[in-house]
Amino acid sequence: MPKKIYIKTYGCQMNVYDSARMADTMAPFGYSETDSPEDADLVVLNTCHIREKAEEKVYSDLGRLQRLRQTRRQAGGKMLIAVGGCVGQAEGEEITRRAPYVDMVFGSQNYHELPTMVASALQGMPSVNLDFAPEAKFDFLLEQSAKPDGTFGKSEFITIQEGCDKFCTFCVVPYTRGAELSRKAKDILAEAKNLAAHGVVEITLLGQNVNAYHGEGQGGKDWTLARLIRALAEIEGIERIRYMTSHPRDMDDDLIAAHAEVEKLMPFLHLPIQSGSNTILSKMNRRHKAVFYLEIIEKLRKARPDIALSSDFIVGFPGESDIDFAATLRLVEAVGYAQAYSFKYSPRPGTPAANDDQQVEEQVKDARLQELQALLTRQQTLFNHASIGRTMPVLLDRSGKYQGQLLGKSPYMQSVHVRDAGDMEGQIAEVTITEAHANSLTGVITGQAELNMRKFI
Ligand code: SAH
Ligand code: SF4
Ligand code: F3S
């Protein structure tokens, strides 16, 4: 009998990718995706543990699902509830203690076993499955399949690396995702070729430490990310390549050179620094100084003058003084970001910084976050305004709210709205920017884009 699966995704892009693979895993068992939990026979929460708020959200969503499940039961039906992803990995049985109606808990490395877990749950046997074997996860990866409407998007993710060995003192990822592991280059190339054959034009390579990539390449020798990007750029049909998230320490010269050489590599880089203070960087175990980061930015700009930059920042890390925070503001001023994310430090159980006795008061964190966000918003607005009058290739991959409107991304990751876009959906169009807003641009199509980006710099 056909069944429905509803998957809610929290957290990072790697979870987005994993959720899509979960749907692929369940499809052969008769489960098709639905976007409303009310219709679902199986609800999966693919969770995130990075900050306390992300975790709380899961428990409040579970409360709502319990009520849905009861209604379903009263009507003589059945609804299974599964918690997967990073909260699953970190909390395991604690979840079934707090929410005993949960049928399955699994970690970020076990979703390929979902069919077995579902079969047991249907027999009334709940399960908690936290085995840690990322190799197995990569081996079990299915070919990416089309979305429920039978199409592929124009821009898709490919996970190339999982886990992290860096152990920043604030971060749960090394515990929830495990040690760094890279996928084999030939499997990644095969996935990219398959996507290209289905009309995908942009791929984003994903990994918690994507630029630490060192997967087995041809002849058994490890490939670097730069080498992998060069090989992916040879694939016909793939016109744009992006990667995230990178660590400054793994930003080697060859990868920087790839930004100069590889046309298809987009001029945008998310390179988190977290803080501009050397004292705080050291306490965070980032193992580099602020000046090292600034030198990388300089090299990147030399290689690719129009490169747009993004970062993550944490304010109120234990021990952060006014002077440390001022150093972060100075660094932001020095770099000039196109966009960035900033967060208040959230103590995570089991991480070293959570036990630090120099925790910063909430009020101070709030004030610093506001000040930093105001500066970042100013920079982003400035960056967007500098686009007015420029012509750039935009991948118009979605339809907009209004008739004839299409949305897409600029090479610099800005959202671009185009009115009267005709039949350009799915194409890379040459768009001249006419208006800029804090979070997006508006433009008009002035032609079919030539794929050579150099023309636009
Ligand atoms: N691997 C990436 C980041 C992954 S987590 C890197 O090295 O930068 C995404 C972002 O969440 C981090 O960059 C950090 O800014 C934020 N983050 C992680 N742990 C956090 C915590 N305990 N409190 C607040 N923000 C946190
Ligand atoms: Fe977390 Fe640091 Fe690893 Fe990034 S590098 S995932 S912040 S431990
Ligand atoms: Fe969250 Fe796990 Fe990603 S903790 S940010 S979903 S790796």
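For clarity, every value in this text was computed on a predicted model and none was experimentally measured. Remember, it's 1-based here, ligands and their atoms both numbered in the order they're listed. Nothing fancy with the numbering, it's 1 onward along the sequence.
Within the listing of ligand 1, atoms 8 (O) sit less than 4.0 angstrom from a heavy atom of P272. Residue C168 approaches ligand 2 through these ligand atoms, each under 4.0 Å from one of its heavy atoms: 2 (Fe), 5 (S), 7 (S), 8 (S). Atoms of ligand 2 lying under 4.0 Å from at least one heavy atom of P174, given by number and element, are 8 (S). Atoms of ligand 3 lying under 4.0 Å from at least one heavy atom of Q208, given by number and element, are 7 (S). The ligand atoms of ligand 2 that sit less than 4.0 angstrom from a heavy atom of N209 are 3 (Fe), 5 (S). Annotation for ligand 1: atoms under 4.0 Å from non-hydrogen atoms of F343 are 11 (O), 15 (O), 16 (C), 25 (N).
Residue R177 places every heavy atom at 4.0 Å or more from ligand 2.
Counting heavy atoms closer than 4.0 Å to ligand 1, residue R286 contributes side-chain atoms (C-beta onward) but none from N, CA, C or O. Under 4.0 Å from ligand 2, the heavy atoms of F167 that appear belong solely to its backbone. Contacts of M14 with ligand 3, taken as heavy-atom pairs under 4.0 Å, are absent altogether.
At least one N, O or S atom of C48, from either the backbone or the side chain, sits less than 2.8 Å from atom 1 (Fe) of ligand 3.
Of the protein's heavy atoms, R286 NH1, 4.2 Å lies nearest to atom 4 (Fe) of ligand 2.
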